[in-house]
Student: 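Before we start, here is the structure in question, set down as structure tokens.
Each chain gets a letter, A, B and so on, in the order the sequences are listed, and its residues count up from 1.
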There are 2 protein chains.
Amino acid sequence: MATMKQVAERAGVSTSTVSHVINNTRKVSAEVRERVLGIIAETRYIPSAVARSLKNDRTHTIGMMVPNSSNPYFAELIQGIEDAAFKLSYNIILCNAYDDPVKQAAYLRVLLEKRIDGLILVASGADATLAELLSTASVPMVLVDREVAGVEADFIESNHEEGGYLATRYLVELGHRRIACVSGPADLQPSRDRVAGYLQALREADIAFDPACLVHSDFTSEGGFNAFRQLLQLPTPPTAIFASNDLMAIGGICAAAEAKVRVPEDLSVIGYDDIALASYSTPRLTTMSQPKYAMGELITQLLLARIARTGGEHLPLRRELLHTTLVERQSTAPPRSH
Amino acid sequence: MATMKQVAERAGVSTSTVSHVINNTRKVSAEVRERVLGIIAETRYIPSAVARSLKNDRTHTIGMMVPNSSNPYFAELIQGIEDAAFKLSYNIILCNAYDDPVKQAAYLRVLLEKRIDGLILVASGADATLAELLSTASVPMVLVDREVAGVEADFIESNHEEGGYLATRYLVELGHRRIACVSGPADLQPSRDRVAGYLQALREADIAFDPACLVHSDFTSEGGFNAFRQLLQLPTPPTAIFASNDLMAIGGICAAAEAKVRVPEDLSVIGYDDIALASYSTPRLTTMSQPKYAMGELITQLLLARIARTGGEHLPLRRELLHTTLVERQSTAPPRSH
DNA sequence: CTGTTAGCGCATTCAT
DNA sequence: ATGAATGCGCTAACAG
């Protein structure tokens with residue numbers, strides 16, 4: 001691989017001049033510029049971002065830590081971020097923590113060594129070690145969906161409580177009175193928020209909350225499958241279920257089908273996230289749509305704004321709560337008795 | 001951020017010694033080692049991989065270019081690769097080319113500047129520019145699913161033709177005679193291979209191929225939805241459809257449901273890929289499973305083997321064709337008339 | 001308009 | 001067992 005020095009020699013100029021024609025950073029005579037450009041093409045010279053980064057203290061690389069990039073919600077979020085980042089000349093290093101704080105810490109360490117310009121973190125666990133590591137790292141950072149105790153950083157999420165509320169209220173308005181909820185892991189704040197919204201909607205409708213109607217699962221299709229099966233075996237099964245994400249809703253619908261429970265005739269199901277497949281599952285899934293693409297763009301913008309100010313005056317901490325919107329499709333309907 | 005030099009000064013030793021305690025690369029007295037380690041902890045020193053890379057000419061970073069990381073097939077493949085790479089201390093820079101050769105070229109350029117140690121490429125388009133860029137780049141590389149004319153590199157894919165054949169033969173064995181195929185884009189070799197397998201199975205069963213039964217789509221749920229609708233409106237609709245990927249199969253099943261065509265009673269559907277959601281779609285999807293995780297591991301191993309030999313003797317070019325396996329679930333059954 | 005030079009942070013060779 | 005010195009490839013004062 002050719003180096004700038006070699007290019008300079010062959011062009012009969014200094015590396016300084018070569019550098020400037022590459023970066024358009026100072027006036028260079030047309031003649032010299034052409035000559036240099038010619039040699040660059042001829043030698044297929046490609047500047048080293050590594051060397052440049054060492055000099056500039058900027059890698060134009062962002063670390064993205066998620067629990068699981070195969071989960072369609074994260075996959076779509078990542079894609080939005082990657083897209084926005086590309087437009088701004090940043091690359092993404094993808095890290096799957098699998099909800100393992102140890103693995104997450106190991107990754108963080110590597111990212112810090114690689115001198116990422118910024119970090120987008122959907123935290124797995126929130127042990128003290130993480131807060132410790134993060135606060136001493138002092139890398140520009142934005143937290144998504146999950147806050148980390150003791151870490152001050154921009155934070156973005158959709159309004160989970162509102163989402164849970166709207167989903168449940170929609171079911172109530174359809175005429176349902178026995179409404180169950182399949183929640184995500186109880187130790188995740190977004191899960192709890194969505195449940196809070198669910199309870200709030202129930203309360204407003206004067207529907208007594210039956211603890212048997214709330215089951216905690218794990219945000220996977222399989223988990224949803226099992227949770228629905230359990231709910232459908234209740235003495236008085238629900239006529240509607242709010243699933244805390246689309247994966248569980250889809251798995252749940254599968255369980256309903258196997259139990260000969262028709263959706264939406266016998267059971268209404270509403271999901272959360274609005275992943276791409278929700279539009280084409282059978283039946284098409286009614287769901288609370290999270291603005292994933294907008295989130296991706298906003299996250300990237302916030303992070304880059306913070307990166308731009310590194311060392312400068314402190315930007316005020318931002319906390320963004322995005323709205324979710326109801327997408328009515330075919331998995332919900334008024335209850336049978338109506 | 002502390003530097004090695006600062007650590008050295010505070011510990012009263014040379015940077016050389018600090019470097020050696022960090023890398024365990026030569027004997028250091030216990031006393032000095034402890035002192036250095038103490039200062040490192042105290043100053044929260046984190047070595048710079050950037051500087052190290054400049055020196056070593058290795059970034060421990062791999063570029064991964066895919067058409068679309070939200071497609072569950074790629075998402076799961078990426079995860080397998082990312083997993084395997086992590087174990088071997090490599091990170092992944094994720095790039096979405098969106099089937100746009102221009103965007104792909106732009107990304108490639110950046111990856112080359114960042115001096116990635118290797119490239120995993122699921123090529124979008126294969127114009128001459130790409131071959132040109134790639135061959136002069138001389139970065140260790142493995143191609144996945146799509147070959148690039150004029151580029152010699154390791155190549156990995158599943159045996160698409162065999163997969164298409166097995167899927168179709170399975171439908172034949174179930175008793176179907178009118179079997180349609182929803183293919184991926186005609187300009188993609190894997191699409192063509194799967195179709196070839198489909199045709200082969202038809203031929204073996206002495207079933208005349210009806211061109212109306214082969215429709216080309218785009219590997220998306222929406223595309224599958226439209227393709228199925230078209231097929232179901234045929235004067236003599238098929239009793240079974242082989243969809244070239246799960247996304248299209250799932251979208252197609254949605255179309256069938258809306259046309260009051262029951263799966264599998266009225267229509268058998270078999271997909272391809274075996275994405276995670278296939279197990280929990282309604283009905284559970286019968287499909288040809290691609291060994292995504294194994295592919296991810298193999299890809300990573302091949303690439304790292306090649307990276308290790310950089311500059312050394314040439315490793316023979318490898319061409320790996322992995323087997324797909326039939327996963328029988330609930331979207332297929334004998335035809336009604338049986 | 002162009003060149004010289006120093007230094008980014010580290011690994012490593014050569015001394016001692 | 002340790003240190004001094006060099007250079008990886010580049011950018012950016014500074015000088016002319």
Student: So B:Val32, base contact, sugar-phosphate only, or nothing? Heavy-atom distance under 4.0 Å.
Tutor: sugar-phosphate
Student: To the nearest Å, how far apart are A:Ile22 CD1 and D:dT11 C1'?
Tutor: 11 Å
Student: For B:Thr3, which contact category applies under a 4.0 Å heavy-atom criterion: base, sugar-phosphate, or nothing?
Tutor: sugar-phosphate
Student: Identify the 5'-most and 3'-most nucleotides of DNA chain C with at least one atom closer than 4.0 Å to a non-hydrogen atom of chain A.
Tutor: C:dC1 to C:dG9
Student: Taking atom P of D:dG3 as reference, at what distance in whole Å does atom NZ of B:Lys5 sit?
Tutor: 15 Å
Student: With sequence neighbours left out, what residues match B:Tyr90 under ring pair (Phe, Tyr, Trp, His ring centres under 6.0 Å)?
Tutor: B:His60
Student: Does B:Ser14 place a side-chain N or O at less than 4.0 Å from the phosphate oxygens OP1/OP2 of D:dT2?
Tutor: no
Student: If I take atom CE in residue A:Met4 and atom P in nucleotide D:dG9, what distance separates them, rounded to the nearest angstrom?
Tutor: 11 Å
Student: Taking the cut-offs as 6.0 angstrom to the six-membered ring centre and 45 degrees off its axis, would you call B:Lys103 and A:Phe86 a cation-pi pair?
Tutor: yes
Student: Report the distance from atom NZ of A:Lys55 to atom C1' of D:dC8, rounded to the nearest whole Å.
Tutor: 14 Å
Student: Ion pair present between A:Asp83 and A:Lys292, side-chain N to carboxylate O less than 4.0 angstrom?
Tutor: no
Student: Students often get this wrong, so: under 4.0 angstrom with heavy atoms, is B:Val28 touching a base, only sugar-phosphate, or nothing?
Tutor: sugar-phosphate
Student: B:Leu112 CG to D:dG9 P: how many Å, rounded?
Tutor: 15 Å
Student: Give one of base, sugar-phosphate or nothing for B:Ser29, where a contact means two heavy atoms less than 4.0 Å apart.
Tutor: sugar-phosphate
Student: Quick one: are B:Gln104 and B:Leu121 in side-chain contact, heavy atoms under 4.5 Å?
Tutor: yes
Student: Please state how far atom CZ in A:Arg52 lies from atom P in D:dC8, giving the value in whole angstrom units.
Tutor: 18 Å
Student: Should we say atom CD of B:Glu42 is surrounded by more than 12 heavy atoms from elsewhere, each under 6.0 Å from it?
Tutor: yes
Student: Whether A:Asn23 contacts D:dT11 is assessed here as follows: a side-chain N or O lying under 4.0 Å from the phosphate OP1 or OP2. Is that the case?
Tutor: yes
Student: Using salt bridge (Lys or Arg N to Asp or Glu O under 4.0 Å) as the criterion, list what pairs up with A:Glu147, not counting sequence neighbours.
Tutor: A:Arg319
Student: Could you state the CG-P distance from B:Asn56 to D:dC8, rounded to the nearest angstrom?
Tutor: 13 Å
Student: Need one value for A:Val13: base, sugar-phosphate or nothing, where a base atom within 4.0 Å counts as base even if backbone is also close, heavy atoms only.
Tutor: sugar-phosphate
Student: Which residue, B:Glu31 or B:Ala51, contacts DNA chain D at a nucleotide closer to its 5' end, judged by nearest heavy atom?
Tutor: B:Glu31
Student: Expressed in angstrom and rounded to an integer, what is the separation of B:Arg26 atom CZ from D:dT2 atom C1'?
Tutor: 6 Å
Student: Would you say A:Val122 and A:Tyr73 make side-chain contact, with heavy atoms under 4.5 Å?
Tutor: no
